[in-house]
Amino acid sequence: MKSDVPKGENCLVDMDSKAGDLFSAEPANAAGSGGVMGNLPPWLSALPHRLWLPKGLSASVAKEWFDRRRASIRPWAGFVDHRKFTKPRNFGELCQRVVRNFDTYNSNYTFIFLGLILYCIISSPMLLIALAVFVGAFYIIHLKSLESKLVVFGKEVTGPHQLGLAGAVSFPVFWLAGAGAAVFWVLGATMFVIGSHAAFRELEGGSEMEELFMEPV
């Protein structure tokens, strides 16, 4: 009786081909052929390949915005150079500095604003808890909407409405954390820091540039 089991060199060749097939198999095929990933629900097995964000919000869009801002930042050494800070001669020069410096240092001011927000969040444990509740609520709501249409009061809850619903759920925690005071603090600190810099920082090009803008037409 003939046996189908390969022998000798044929056995080695067959095992090599099997090993090659094993390591060259795509993860997607492996996930669909059973095992741990094959037993998971479709939405959970696709978790590594997508972010649970509404349409229009994605990691690529955020990264593109962040990279564009970072590329347009003016050197911080010149941004804080104390020799470039002088008192405006009149109200017209003050307004001119504010407008021009906001345009010149827009990206620097943006990162200062983000830094103040981050400091406010880190320094307030209750605010961190409130943000965690908001993110968790939005995550759960969005997952439910992926499984089936989420309807509230006879209306389908879409992406922007999901954010609103998550905000409504987490609002009591934000109120207990004093989120309103934190927002006013961030806005006040931002206006003071950025406004002071924009008002007292000389324009790029020095006094000659300021005199050029102040000349009557």
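By the 4.5 Å side-chain criterion applied to Ile, Leu, Val, Met, Phe, Trp and Tyr, L118 is assigned to a cluster that also includes I122. Hydrophobic cluster membership of L187, counting Ile, Leu, Val, Met, Phe, Trp and Tyr whose side-chain heavy atoms lie under 4.5 Å apart directly or via other members: V183.
Between N108 atom CG and I73 atom CD1 the span is 5.5 Å, to the nearest 0.5 Å. Taking CD1 of I129 as the start and OG of S170 as the end, the distance is 13.0 Å to the nearest 0.5 Å.
Residues F85 and L203 are members of separate hydrophobic clusters, defined by side-chain heavy-atom contacts under 4.5 angstrom among Ile, Leu, Val, Met, Phe, Trp and Tyr. Residues F138 and V173 do not share a hydrophobic cluster, defined by chaining ILVMFWY side chains whose heavy atoms lie under 4.5 Å apart. L116 and F111 fall within a single hydrophobic cluster, where Ile, Leu, Val, Met, Phe, Trp and Tyr are joined by side-chain heavy atoms under 4.5 Å apart, directly or via other members. Note on L114 and W76: same hydrophobic cluster, where clusters join Ile, Leu, Val, Met, Phe, Trp and Tyr whose side-chain heavy atoms are under 4.5 Å apart, directly or indirectly. F113 and Y119 fall within the same hydrophobic cluster, where Ile, Leu, Val, Met, Phe, Trp and Tyr residues are linked whenever their side-chain heavy atoms come under 4.5 Å apart, directly or through other members.
Of the possible polar contacts, none joining the S124 side chain to the I121 backbone as a donor-acceptor pair under 3.5 Å is found. At least one donor-acceptor pair under 3.5 Å links the side chain of T110 to the backbone N or O of N106. Proximity of a side-chain donor or acceptor of E93 to a complementary backbone N or O of R89 within less than 3.5 Å is detected. With hydrogens and angles disregarded, a donor-acceptor distance shorter than 3.5 Å links the side chain of N101 to the backbone of R201.
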Please report the C-alpha distance between F79 and I112 in whole Å, then the side-chain angles of each, then the deciding distance to 0.1 Å, and finally whether the side-chain contact (heavy atoms from CB on, under 4.5 Å) criterion is met. CA-CA 12 Å; F79 180 80; I112 289 176; 3.7 Å; yes
Could you walk me through whether I194 and F102 pass the side-chain contact (heavy atoms from CB on, under 4.5 Å) check? CA-CA 9 Å; I194 295 178; F102 264 104; 3.6 Å; yes
Please test L127 against F174 for side-chain contact (heavy atoms from CB on, under 4.5 Å), starting from the C-alpha separation and ending with a verdict. CA-CA 7 Å; L127 201 55; F174 276 104; 4.2 Å; yes
Does the pair E204 and T104 meet the rule for a side chain to side chain donor-acceptor pair (under 3.5 Å), with working shown? CA-CA 8 Å; E204 289 291 328; T104 303; over 6 Å; no
Give the C-alpha distance, both sets of side-chain angles, the deciding distance and a yes or no for salt bridge (charged side-chain N to carboxylate O under 4.0 Å, His left out) between K84 and D81. CA-CA 6 Å; K84 298 292 186 179; D81 187 0; 5.6 Å; no
Apply the test side-chain contact (heavy atoms from CB on, under 4.5 Å) to residues R68 and W65: give CA-CA distance (whole Å), side-chain angles for both, the deciding distance (0.1 Å), then the verdict. CA-CA 5 Å; R68 187 168 60 250; W65 178 87; 3.6 Å; yes
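The side chain to side chain donor-acceptor pair (under 3.5 Å) check on D103 picks up nothing, with sequence neighbours excluded. Every residue was checked against the side chain to side chain donor-acceptor pair (under 3.5 Å) condition with R74, not counting sequence neighbours, and none meets it. By the salt bridge (charged side-chain N to carboxylate O under 4.0 Å, His left out) test, R69 pairs with no residue at all, sequence neighbours left out.
Residue F184 qualifies as open at atom CZ: its count of foreign heavy atoms under 6.0 Å is 12 or below.
A donor and an acceptor atom, one from each side chain of R97 and T86, are located under 3.5 Å apart.
The list of side chain to side chain donor-acceptor pair (under 3.5 Å) pairs with a residue in residues 175-200, not counting sequence neighbours, reads Y109-H197.
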